[in-house]
Enquirer: 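This is the structure I want to talk about, given as C-alpha cells.
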Amino acid sequence: MTSQDNGTPSWGARADHRVLNKDTRRLSGPEKVKGEAIYSIDRHVPDMLYGKLVCIPVAKAEFTVDVDPAMEIEGVVIAIPLREGSTLYNGQAVAAVAAETPELAEDGARAVVVNYTPQGFVVTAESAKAPGAPQVSSRSPNHAPRGGSNDKGRGDMDATMEALDASDFVVEAEFDVAIQHHACLETHGLLADFKGGDEATIYASTQVAFGIPGSAAGPLGLDRQNVRCVVEHMGGGFGAKFSMDVAGRAACLMAAEVGRPVSMFNDRRQEFETSGNRSGSIQRIKAGVAKDGEILAMHSDMDKLGGVGRGPGAVQPYIYNVLESFTLDYALHTNTDSSRAMRAPGHPQVSFAMESVVDMLAYGIGADLVEIRKRNLSDPAYHRQLDRVAQEIGWNEHQHRTAPGKGDGWIAEGIGFGVSTWGGGGGPGAAAEVRIERDGGVTSSIGVQDLGTGVRTLVAMIPAEEFGLQASDVLPRIGDTQLPNGVGSGGSVTTASVAPCLKDASHKTRLAFAEHLASVLKCEAKDVTFADGKVFAKSAPDRGLTWKDACATLPAEGLARTGKWIGDLQTSGAHGAQAARVQVDLMTGAVKVLKMVAVQDSGLVLNPLTWRSQVNGAMIQSIGLALYEGRVMEPDLGIQINANLGDYKLPGCMEIPELVAIVDDEDTRQAVIGVGEPPAIPGAGAIANAIHNACGARITSLPITPDKVLEALAKLS
Amino acid sequence: MKPVQDPEAANQRLSRRSFLKGAGGAAAGSVLATEMAQAASEAHTAEPEVLKGVVQVSFHLNGQPTSVQVEPRTTLLSALRNHHNPPHTAAKSVCEQGNCGACTVLIDDQPVVSCLTLAVRVEGRHVRTAAGLAQGDQLSPVQEAMCADDALMCGFCTPGFAMSVTACLEKNPAASEEEVRRACSGNLCRCGTYPHIFSAALKAGRAMLQAQKGGK
C-alpha cells in the first residue's frame, strides 16, 4: 500500500514501500537486449547525409585548408572549413564533409587538402615546465596557480612546517596519475534533422538535452524555440557530453547549408584525442603523524594536468582531518585537449594520493589500517562503513594488518582501503507531468536523458508506488525537450533533481484522482486508498474498483498534474568506504584484483538493482584507473599513440573481480541522493594500498603496470 | 539455423575468385583459417577478378532472405546499419577495429565482429543479430536473464554481449563462468555490467539445459 498521506508529499517509511527501494527491472531492458533501442547514432531519416571531420594530426600547427577537392568526389554533397589559422592540440578538427554514405564521407575527408606547419608544443609535464618551453596559452604561463596569480596557497604554511617538525613520523612522496578517458561506447555527435524551413530536431548523444537547442540554433540559423532535442537512448556519458562538440556544430552548419539532415559522430580516434579525459595530476606531499595516529600535518604541492584547460578543483587534504595543512594548487598546461568532468572530477586523483599517505603513515607508527582511518575521520558514517568493508573483505583474518608483506615467495595477497564523499543533492528547475488516461494507462513525463543509470525506470517507479501499481504499468517518457524540463546529468544531481518533481506530480495526481473517486466510492477523498492495482474506500477494502475500472470513470481527457522540485524530498551528503583484495605475482609484476567491496550511503535508494550496477561500474572504472588506463603521448610528435580501444586498455571480462556493492542501511534519511560519482572515488587508492600491503611495493604512479611493480620490488631487495 | 558445413565441401568451392566476388561459391560455408590459407595459395594460380562499383549481396538476416547493394569495400557492419533497408542497427558501431565486440553478429552460428567482415563475405550465408534472438515478445533465455540480472546499463555493448553469450551457450549451455568470460573476452563494457553479464549467462545456460531436458 502506498503512503496515503494527503498533506505534503513525502517518500514515507521504507517498510511501506511496494515498488520503491525494491529491485526493479530496467524498463528499457527488453528493447536493449533485442538491439531495438534506437540511440542517436542509430537514427536514420530520409535523405540523410553522413558527416566526417578532417583533423590535423600534430599537437600545434598553422594551417590552410582547401575543401574543394572533396567536392569532386561523386556522392560528396558538402565540404566546409571549420576554422582557420592555427590549432592548439592534436586532433583538432579543421574541416568537415558530408556525403551520401559513410564510406564516401571518408573519401571526402581524405580528399580535403590541409597544408600545415607544425609549431613548438609541449605535451608532457616535464616539457611543459622546462625552461624556455613553448607556451600553451598567451594568457597564462604553462605552470600557474589555478586560483590566479594572487593565489599564494591555502592554509598556514608556517604552522604546517612546525607541525611536520613536531610529528613522530613523516613521509614524503610524489604521486602521479595518468590521464584517463571516458571512452563512452557511443561517441559524441548528433543527427541534425533539418530539411529547410524554420524547424529542426536534433538527435544527440548528450548529458544535457535542454542545452542543445540553444547551441544548435546558431549554426542552424534557427530560433532556439524551434529546435527540439531528442535523446531516446544514450551510450554513456560519464561527464564527457555536456556540449555538442565540433562534430555537432559541423553537422548543424552543413545541414543548414544544404537543407538536408546530417548525421555526424566522432570516430574512435577523435573520441580519444579531443572528446573527453580525466585530468592527470602530479602531487608532491609531505605529511606527519603522531604516535597515537593523529595526522598532524600535510604540505601538498599539486599540478593539475588539464591540457589547455585548468583541470578540476579537488585538493588535499582529502576528506581526512589534518591538524595543519598547506596546499599549492597549480594548473600545468600542455598542448592537449582540455580535461572534462569525469565521474567525481578531480576526486579519484586526490583520493589515491591521500589514501596512500594514510597507509604510509600507519605503517610508520605500526597502526592498524582501519583504525588509523577512523582516528582521523569524524563522521560516524565512515566508522561503520569501514568496519563493514573490513568485515566483508576479511581484514580481521588478514596477516598484514600493521606491516606489509615482505615480497618473498611468488604470489602475495594484500588488502587496501579508501573512503569517498560527494554531495549528490539536486536543485530546482525541472518539472514532471503524470497523466492517467481513461483506459487505465499512466504516463510519466520528464525531459531528462538517461545515460545508462536507470533514470527512465525511476520515472515509472515513482508514480507506480503512488498509485499502487507496478513500474511496468507506467509508460515513462524521457529525453525530449518537448517534455517538461529535465536537468543536465552531471555531478550526480539527476536523481535528486527529477525524483522530487515526479513525486510531486504523482502526489498531486493521486489527490485529484481521490477527489474524483470519492463520490464513486461514497467516501471522503482522504479515505480513497490505492493498493495492489485496486482502488477502494479505506473502510471497505473488499468493495473497491480495479485500477482500470476506476480510470474508466474519468472524463475523456483523463487526469494530469504537473509537479515541481521539492527540496525536502532530497538531500546531499554521500559517504562511502571501499576495500580491495589483490594478488600480486612477484615474478611478473602482474596484479589481479580478487575482490572489491563498497559500502555506500545515498539516502533512500529508489532502485537497489540499478544502484548496485552503478556502484559496480564505478569500482570497475577504478580498477581501470588503478591498473590499466592512461593516455600515452608521444613527446616529440605531440600525438596520442593509444587513441583506440586496442591500445588503450579498458578493464575487460578477464579482469573483473568479485564485486560486492552494499547499501549502507544505517542511513535512514527519507530523501534521495545521487550515487553516480561517490563510488568512483576510493577504488584506485584502495587497490594501490592493497598492492603495497601484499608485498611492500609502494607504487605512487597510476596506472600500476607490471613494470612499475617489478621496479618497486627490486628497490626493496 | 544451418549447421557448419563440411570443411571439405567448403574447400572445394572456395576460390580466390569466389572470395573476391563473394558470390554463391562460398554459400553457407564456414570459412576457417585453413580454408583462408588455401584460398590464398590458390590465388597464385586462379584468375583474379576484382569487384568494382556497387555489388548486390544476398544473404539471410535473422532467418529472412535479404540483400544490400554496396561497394565491395563496405563492412558488414556498415552494410547492415547504413545500406540495408530498413537500417538494421542492432549491431553497434564503436571502434571499427575489432577491439570491442559491440558489432558482434553470428555468421552461420559463429561469432564474428562485423566491423572487420566485408559485406561481400556473407553472400548466401546466415547472419544473426540480437534482433533475431527473441520470438516476438518472448525473449531468448540469454536476453531474459540479462534483463533479470540487470546485465545492461547504457545498453550500447548489450547486443554484442548477447550474441557472444548466445554463441557460447549454443555450443555448451553448461559453460562455466570462466568459459563465459573467455567467450566474451572480445567484448567491452564501459558502464560496468560485467558481473551481471556473467551471472546472467550462467542463469541462461541453466534455463537452456532445463528446456532441453523438458523437450526430451
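Just so we're on the same page: letters track the sequence lines, and every chain starts at 1. Excluded from the calculations below are hydrogen atoms, water molecules and symmetry mates; all remaining heavy atoms, backbone and side chain alike, are included. These numbers were taken from a predicted model, which means no experiment stands behind them.
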Enquirer: B/Thr74 and A/Glu103: which non-hydrogen atoms are nearest, and at how many Å?
Expert: CG2-OE2, 3.5 Å
Enquirer: Which residue is it: A/Glu629, A/Glu271, A/Glu186? I am looking for the one with a salt bridge (Lys or Arg N to Asp or Glu O under 4.0 Å) to B/Arg190.
Expert: A/Glu629
Enquirer: Against chain A, label B/Glu71 side chain, backbone, both or neither, depending on which of its atoms sit under 4.5 Å from a heavy atom there.
Expert: side chain
Enquirer: Do you know which of A/Gly29, A/Ala618, A/Ala37, A/Gly652 has the most heavy-atom pairs under 4.5 Å to chain B?
Expert: A/Gly652
Enquirer: Could you tell me whether the side chain of B/Leu133 reaches within less than 4.5 Å of the side chain of A/Lys34, counting heavy atoms only?
Expert: no
Enquirer: As an exercise: rank A/Ser28, A/Cys184, A/Pro102, A/Gly236 by heavy-atom pairs under 4.5 Å with chain B and give me the winner.
Expert: A/Pro102
Enquirer: Given the options B/Thr158, B/Thr193, B/Leu152, which has more heavy-atom pairs under 4.5 Å with chain A than any of the others?
Expert: B/Leu152
Enquirer: Hey, are the side chains of B/Cys191 and A/Ser613 touching, using non-hydrogen atoms and a 4.5 Å cut-off?
Expert: no
Enquirer: State whether B/Asp150 and A/Arg25 are salt-bridged, where the test is any N-O pair (Lys NZ or Arg NE/NH1/NH2 against Asp/Glu carboxylate O) under 4.0 Å.
Expert: no
Enquirer: Please check: side-chain N/O of A/Arg26 versus main-chain N/O of B/Ala148, any donor-acceptor pairing under 3.5 Å?
Expert: no
Enquirer: For the residue pair A/Pro30 and B/Cys147, what are the closest heavy atoms and their distance?
Expert: N-SG, 3.6 Å
Enquirer: Kindly give the heavy-atom pair with the smallest separation between B/Glu178 and A/Met654, and that separation in Å.
Expert: OE2-CE, 3.7 Å
Enquirer: Just by modelled atom types, is the B/Met153 backbone N or O under 3.5 Å from a matching donor or acceptor in the A/Lys32 side chain?
Expert: yes
Enquirer: Determine the option with the most heavy-atom pairs under 4.5 angstrom with chain B, choosing from A/Thr187, A/Thr610, A/Leu185, A/Asp450.
Expert: A/Leu185
Enquirer: Under the rule for ring pair (Phe, Tyr, Trp, His ring centres under 6.0 Å), what residues qualify as partners of A/Tyr39, not counting sequence neighbours?
Expert: A/His233, B/Phe156
Enquirer: Using non-hydrogen atoms and a 4.5 Å limit, figure out which bit of B/Arg73 sits close to chain A: side chain, backbone, both or neither.
Expert: side chain
Enquirer: Is atom CD of A/Gln470 surrounded by more than 12 heavy atoms (other residues, nucleotides or ligands) closer than 6.0 Å?
Expert: no
Enquirer: Using non-hydrogen atoms only, which part of B/Leu139 is less than 4.5 Å away from chain A: side chain, backbone, both, or neither?
Expert: side chain
Enquirer: Quick one: are B/Cys154 and A/Leu451 in side-chain contact, heavy atoms under 4.5 Å?
Expert: no
Enquirer: Which pair of non-hydrogen atoms, one from B/Phe198 and one from A/Cys653, has the smallest distance, and what is that distance?
Expert: CZ-O, 3.7 Å
Enquirer: Pick one of side chain, backbone, both or neither for B/Ala131, based on which atoms fall under 4.5 Å of a heavy atom in chain A.
Expert: both
Enquirer: Can you see which heavy atom on B/Pro195 is nearest to which on A/Leu659, and at what distance?
Expert: CG-CD1, 3.8 Å
Enquirer: Please classify the contact of A/Ile623 with chain B as side chain, backbone, both or neither, using a heavy-atom distance under 4.5 Å.
Expert: neither
Enquirer: Can you tell which part of A/Met234 gets under 4.5 Å to a heavy atom of chain B, answering side chain, backbone, both or neither?
Expert: backbone
Enquirer: Chain B heavy atoms under 4.5 Å from A/Phe238: which part of the residue, side chain, backbone, both or neither?
Expert: side chain
Enquirer: With a strict 4.5 Å heavy-atom criterion, list every residue of residues 77-95 of chain B that contacts chain A, or say none.
Expert: B/Ser78, B/Arg81, B/Asn82, B/His83, B/Pro87, B/Thr89, B/Ala90, B/Lys92, B/Ser93, B/Val94, B/Cys95
Enquirer: Quick check: do A/Asn616 and B/Tyr194 have side-chain heavy atoms less than 4.5 Å from each other?
Expert: no
Enquirer: Check each atom of A/Ala183 against the heavy atoms of chain B and say whether the ones under 4.5 Å are side chain, backbone, both or neither.
Expert: both
Enquirer: Could you tell me which portion of B/Thr129 (side chain, backbone, both or neither) has an atom closer than 4.5 angstrom to a non-hydrogen atom of chain A?
Expert: neither
Enquirer: Please identify which of these residues, A/Leu650, A/Asn644, A/Asp647, meets the side-chain contact (heavy atoms from CB on, under 4.5 Å) condition with B/Asn99.
Expert: A/Asn644
Enquirer: With a 4.5 angstrom heavy-atom cut-off, which part of A/Leu104 approaches chain B: side chain, backbone, both or neither?
Expert: both
Enquirer: Is A/Glu658 close to chain B through its backbone or its side chain, or both, or neither, when contacts mean heavy atoms under 4.5 Å?
Expert: neither
Enquirer: For B/Gln143, is it the side chain, the backbone, both or neither that has a heavy atom under 4.5 Å from a heavy atom of chain A?
Expert: both
Enquirer: Give the member of A/Gln614, A/His182, A/Glu36 that has the highest number of heavy-atom pairs under 4.5 Å with chain B.
Expert: A/His182
Enquirer: List the atom of B/Met146, the atom of A/Val33, and the distance in Å for their closest heavy-atom pair.
Expert: CB-CG1, 3.9 Å
